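Here the structure comes first, spelled out in structure tokens, and everything after it is commentary.
Just so we're clear, the structure is a prediction, and the values are computed from it rather than from any experiment. Counting convention: from 1, in listed order, for ligands and their atoms alike.
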Amino acid sequence: VESSIPEHMREAWRKYSPSGFTTKDQFETEIVRHIETTLARSLFNCDELAAYSGTALAFRDRLIMDWNKTQQRQTFADQKRIYYLSLEFLMGRALDNAMLNVGLKNVAKEGLADLGFRIEDVINQEHDAALGNGGLGRLAACFLDSMASLNYPAWGYGLRYRYGIFKQEIENGYQVEIPDYWLDFNPWEFARHDVTVDVQFYGWVNKYTDDEGKQIVSWQDGEIVTAVAYDVPVPGYGTPTVNNLRLWSSKASSGEFDFSKFNSGEYESAVADQQRAETISAVLYPNDNLERGKELRLKQQYFWCAASLFDIVRRFKKTNRKWSEFPDQVAIQLNDTHPTLAVVELQRILVDKEGLEWQTAWDIVTKTFSYTNHTVLPEALEKWSVPLIQNLLPRHLQIIYEINLSFLQTVERRFPKDRELLGRVSLIEESQPKTVRMAYLAIVGSHKVNGVAELHSDLIKTTIFKDFVRIYGPDKFINVTNGITPRRWLHQANPRLSELIASKLGSYEFLKDLTLLNKLEPFVDDKEFKKEWAEIKYANKVRLAQHILKTTGVSVNPKALFDVQVKRIHEYKRQQLNVFGVIHRYLAIKSLSSEERKKLAPRVTIFGGKAAPGYWMAKTIIHLINKVGEVINNDPDVGDLLKVIFLEDYNVSKAEIIIPASDISEHISTAGTEASGTSNMKFVLNGGLIIGTLDGANIEITREIGEQNVFLFGNLSEDVEDLRHNHFYGDYQVDPELQKVFDLIKSGKFGDEGSFGALIGAITEHGDYYLVSDDFNSYTKTQDLIDETFKNQDEWVTKCITSVARMGFFTSDRCINEYADTIWNIEPLDVAEEKQVRART
Ligand code: 7GP
């Protein structure tokens, strides 16, 4: 309040407040001004990077104005806000998205052309914001887009890593990791040096009774690290709402910087302290679906939770409400268990700092939080060692024990004498050393727990969280099937398809209400429409073929069937099944006469994805794919019939080129292992078909688009356990066709047979945990069916159009509305008036 401009001066202020460009001339004025002043360049010194920077700054100005207004509007409306806590936000590039959301891409295109630049080249200068590993991080980014587009008052909270996910290079067929330093020039963030939070670590807990007989708990000494806020604007599509993503960066607290050391010549150790503090937000952990229990990771988690909670509480306190109203003003969503310490931190703030009774505080906490689970893989479930927490966060460990005690007491009252149950659900695992089960803590601290696709939500209820369903009843556990934003994944990635669809539906309204796509179905018999549809797919394939040639030197035929599997490399996602299938196909081609070969359908199999640097098996899979590619791509018997490509450094901006160019994409995880998958939705929405197992969201996609439009194969999740059992006890034999593949690998055909031995051994000797052999026959047969179907292009295009028409359900808008209604209890903000103002300008 003290810092606002006095009432009688606001008229002048308003008169001069900027209104932003809308015409081409105004845009050119802005971009040239930014290049010449903000960037200190000139027309004799303006490359594409400078043009990008100028364009980004011009659009940024526009976003900031809407961003400021949004924040004012939300403060004024004073209604409940949603806070999305995620350690990962895989945002990708921002400029194209900003241009489309503001609705001035064409203006920019023409303006840039006047100044001598092609808009595509300018867009391509941007470095991806890659603060995430895979599905979980990209989902968070889609959610931010939907929350802004639907006008929800929403904030994202995350960490501002100096290094995002590593860049992948392939050398001699091996993955090499290069650090991703991405902050050289980032016009999309605003350092808020005035928004800081001091975060405490280590130290000890002092409990005493004060003069009035009140129990006081204080956490003392230790080390302080300062969190500095960096804000990133998140524009909605076709709305004035621009929400905020707040990322915390760590630095030594100014009180901590030891000036005595500094002055007495121990300059280096003073700087070392500084660097130690900055290390906390230095790097994103590169594991997907895997937790490794490293102390620095725990520090990251607490640093980010403490800063975010302080910020949220500070905002709430400004409204002068009673604490009991906190859950009416604040909903906090935990994106997996990584932010679970926030539960403990809020309880600590309420009890230790604000003096609330334990139970009063705990009611507030559980009404505030909700938790999304993203995996059932045991190796991904977080467990933190008790001694580690004891040392780093002594007070939090006490609170965790107290939460556990009162939880176990309630369980005991409900289920007396069931001691085994108590042991099973305890937040503390009695292992050596003891560990805290973070998922259990998240469940106990939340009022709702959700899985991310129907099968996954059923599985968590019947397996890993079964006991908790008994304790809390079934209503606490719900499903919210994932979704994707059609703005980025259709309109931005595939502008021609979006335009064709709009021409048939009469408007771009489907980008805001994706169910409108069903109006496309009547056009499946429209010859002209189908022709245009196929032409667009072909053009997208030509574009990808050019990218492949440029980056790998391999020339592929865009008329061939493009078969794509792009995602993190993981044994459960079964890229090994795919590459074994490729070798099987190669053997088949080699066995045919040149006459017979002419009847085959040419195929290009494309892989992409990163392996976690410490995941040796995943790295071996990448190596095999590259070696197989070398042999097949250079075999004159094969020619165009089969090409095998590994695309380096798969990321969001590459996905935007790859996905629209796919004919078939592979979603072939062992049934029951892929929680949802989201690229499956992106591929279908872009007019590609999928081959998949009955896993994750594949099942719901099939239900929506129809079984005749999906290529399903493989064992069902309910049979997986028995099959695994049989691998050890039955008279188990590897599929004979797969054995031939193994024999070829073992013959040294692809070199390095030694290192590939482990890949084969996992199947032949170590129980084939992922059922590669069990599913192999069904997989290759289904691939044959795909070849046959692709030969009839007319029928193929019909399937694609029908599928797109039925994909409305999978927008992240539907998903966010479900969260809002069933978990957050929160309403969108009315922006009708603002929208009219905007429409007039
Ligand atoms: C992923 C799941 O593997 C994927 O199936 C799902 O679509 C995505 O989350 C979004 O819900 N999980 C992760 O990326 C992950 O690391 C462990 O989960 C925490």
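The side chain of Thr375, and not its backbone, has at least one atom closer than 4.0 Å to an atom of ligand 1 (non-hydrogen atoms only; side chain from C-beta on). Here Asn482 has side-chain heavy atoms under 4.0 Å from ligand 1, and that is the only part of it that gets that close. At a heavy-atom distance under 4.0 Å, only side-chain atoms of Val452, from C-beta outward, approach ligand 1.
For atom 5 (O) of ligand 1, the closest heavy atom belonging to the protein is Glu674 OE1, 2.6 Å. Nearest protein neighbour of atom 1 (C) of ligand 1, counting heavy atoms only, is His374 O, 3.8 Å. Ranking the protein heavy atoms by distance from atom 16 (O) of ligand 1 puts Asn289 N, 3.1 Å first.
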Working note: Thr605 + Asn578, criterion side-chain hydrogen bond (donor to acceptor under 3.5 Å, both in side chains); need CA distance, chi angles, decisive distance, verdict. CA-CA 9 Å; Thr605 298; Asn578 188 342; 5.2 Å; no
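Figure legend: cation-pi geometry between Arg724 and Tyr769, with NZ or CZ positioned under 6.0 Å from the six-membered ring centre and within 45° of its axis.
Between Ile705 and Asn709, the shortest heavy-atom contact is O-ND2, 2.8 Å.
The OG atom of Ser717 sits 8.0 Å away from atom CG of Asp719, with the distance rounded to the nearest 0.5 Å.
In terms of N/O distances under 3.5 Å, ligand 1 is not approached by Asp336. Between Gly677 and ligand 1, a contact under 3.5 Å exists for at least one N or O pair. At under 3.5 Å, a nitrogen or oxygen of Ser676, whether backbone or side chain, sits near a nitrogen or oxygen of ligand 1.
Interface of Ala675 with ligand 1, defined as ligand atoms under 4.0 Å from a residue heavy atom, comprises 5 (O). Contact atoms of ligand 1 toward Tyr572: 3 (O) (distance under 4.0 Å to a heavy atom of the residue). Counting the atoms of ligand 1 from 1 in the order shown, those under 4.0 Å from a heavy atom of His338 are 19 (C).
The distance between the ring centers of Tyr440 and Phe468 falls below 6.0 angstrom.
Glu454 places no side-chain N or O within 3.5 Å of a backbone atom of Thr481 that could act as its donor or acceptor partner. Remark: side-chain polar atoms of Lys573 are not paired, donor with acceptor, to backbone N or O of His667 under 3.5 angstrom.
Within a 6.0 Å radius of NZ in Lys512, more than 12 heavy atoms belonging to other residues, nucleotides or ligands are found.
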